[in-house]
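Nothing fancy with the numbering, it's 1 onward along the sequence. If you're wondering where the values come from, they're calculated on a predicted model, not measured in any experiment.
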Amino acid sequence: MIDNVQRLSQQLRDLRIPFTEDFSSQLSTTDFIIDSIFGFSFSGEVREPFPSVISALRNSKIPVLAVDAPSSWNIETGPPDEGPGKGYNPDALISLTAPKPLVKWFEGRHFVGGRFLTQAMAEKYELDIPPYEGLDQVVEVPANK
């Protein structure tokens, strides 16, 4: 896992994406936040430095878009009942490939992105894939779907 973090860090440096040690102060310098801290397979307790970052996302007045799952949410049971993610519900969610069960608790705008599955694959796994228009790769779907 450390090798993956090191490779990702190097890739970000190569792309000249700045790093910060003070996430909360950096919020005042941005117009939009993308929450992609954890993947949808994340489980367990949120450990430092992430509790303070998730709390800052929860309390932010700046729009937040979560990718696949809001950080700290359980893929099956949704938002946590305690901890830094309690009360965190970002402005928008983009589900990659298909909506996850947690969307039952999501209250913001919901998008599904990526045409990664064939219709046959979606039917095989009983996934509800929304219709995409033309060549679009993202489609907005009703909340709680």
Side-chain angles (χ1 to χ4, degrees), residues 1-20 23 26-27 29-145:
M1 168 119 164
I2 290 176
D3 287 340
N4 289 339
V5 171
Q6 290 171 339
R7 284 194 295 270
L8 177 59
S9 296
Q10 186 59 52
Q11 181 180 10
L12 294 172
R13 283 185 190 90
D14 291 346
L15 293 169
R16 296 190 176 136
I17 296 174
F19 285 70
T20 183
F23 180 77
Q26 292 298 307
L27 287 178
T29 66
T30 189
D31 298 321
F32 193 82
I33 303 166
I34 298 175
D35 169 9
S36 59
I37 299 170
F38 303 121
F40 77 86
S41 61
F42 172 79
S43 64
E45 192 171 322
V46 178
R47 294 181 304 277
E48 288 300 335
F50 302 108
S52 60
V53 172
I54 293 169
S55 292
L57 293 174
R58 179 191 65 223
N59 298 327
S60 174
K61 303 296 182 222
I62 299 164
V64 178
L65 167 81
V67 178
D68 233 8
S71 290
S72 79
W73 283 38
N74 180 288
I75 208 73
E76 298 291 333
T77 60
D81 293 327
E82 56 186 39
K86 181 179 180 180
Y88 173 46
N89 203 313
D91 300 272
L93 171 68
I94 185 164
S95 297
L96 300 178
T97 306
K100 313 307 181 271
L102 63 77
V103 301
K104 291 184 276 192
W105 293 275
F106 183 71
E107 298 171 358
R109 293 179 72 184
H110 183 207
F111 301 85
V112 176
R115 291 175 134 171
F116 306 119
L117 300 178
T118 64
Q119 187 62 37
M121 179 88 61
E123 289 169 5
K124 177 180 178 180
Y125 291 101
E126 298 177 358
L127 298 173
D128 185 19
I129 304 299
Y132 290 86
E133 269 190 51
L135 298 175
D136 287 353
Q137 295 295 309
V138 176
V139 63
E140 186 167 6
V141 294
N144 301 318
K145 292 276 181 177

Could you list the residues that satisfy salt bridge (Lys or Arg N to Asp or Glu O under 4.0 Å) with Glu123, not counting sequence neighbours?
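Testing Glu123 for salt bridge (Lys or Arg N to Asp or Glu O under 4.0 Å), a comparison that skips the adjacent residues, returns none.
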
Identify, with sequence neighbours excluded, every residue that meets side chain to side chain donor-acceptor pair (under 3.5 Å) alongside Ser9.
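So Ser9 forms no side chain to side chain donor-acceptor pair (under 3.5 Å) with any residue.
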
Which residues pass the side chain to side chain donor-acceptor pair (under 3.5 Å) test with Gln10, sequence neighbours left out?
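Partners of Gln10 by the side chain to side chain donor-acceptor pair (under 3.5 Å) criterion, ordered by chain and then number, come out as Asp14.
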
From Trp105 atom CH2 to Thr77 atom OG1, the distance as rounded to the nearest 0.5 Å
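Atom-to-atom, Trp105:CH2 and Thr77:OG1 are 6.0 Å apart.
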
Starting at CD1 of Ile34, measure out to CG of Leu65 and round the result to the nearest 0.5 Å.
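The CG atom of Leu65 is 6.0 Å from CD1 of Ile34, to the nearest 0.5 Å.
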
Compare every heavy atom of [Y] with every heavy atom of [X], then report the nearest pair and how far apart it is.
X      : Y      : result
Phe111 : Ala92  : CE1-CB, 4.3 Å
Pro131 : Val139 : O-CG2, 3.6 Å
Ile94  : Gly113 : CG1-N, 4.0 Å
Gly83  : Arg58  : O-NH1, 4.1 Å
Lys100 : Ser95  : N-OG, 4.4 Å
Ile54  : Ile37  : CG1-CD1, 4.3 Å

Keeping [X] on the side-chain end and [Y] on the backbone end, is there a donor-acceptor pair under 3.5 Å?
X      : Y      : value
Asn59  : Ser55  : yes
Trp73  : Tyr88  : yes
Arg109 : Glu140 : no
Tyr132 : Gly114 : yes
Asp35  : Pro70  : no
Thr30  : Leu27  : no

Is atom OH of Tyr125 surrounded by more than 12 heavy atoms (other residues, nucleotides or ligands) closer than 6.0 Å?
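Count not over threshold, so no.
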
May I ask you to check whether over 12 heavy atoms, not counting those of Asp136, lie within 6.0 Å of atom CG?
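It does: Asp136 CG has more than 12 such atoms within range.
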
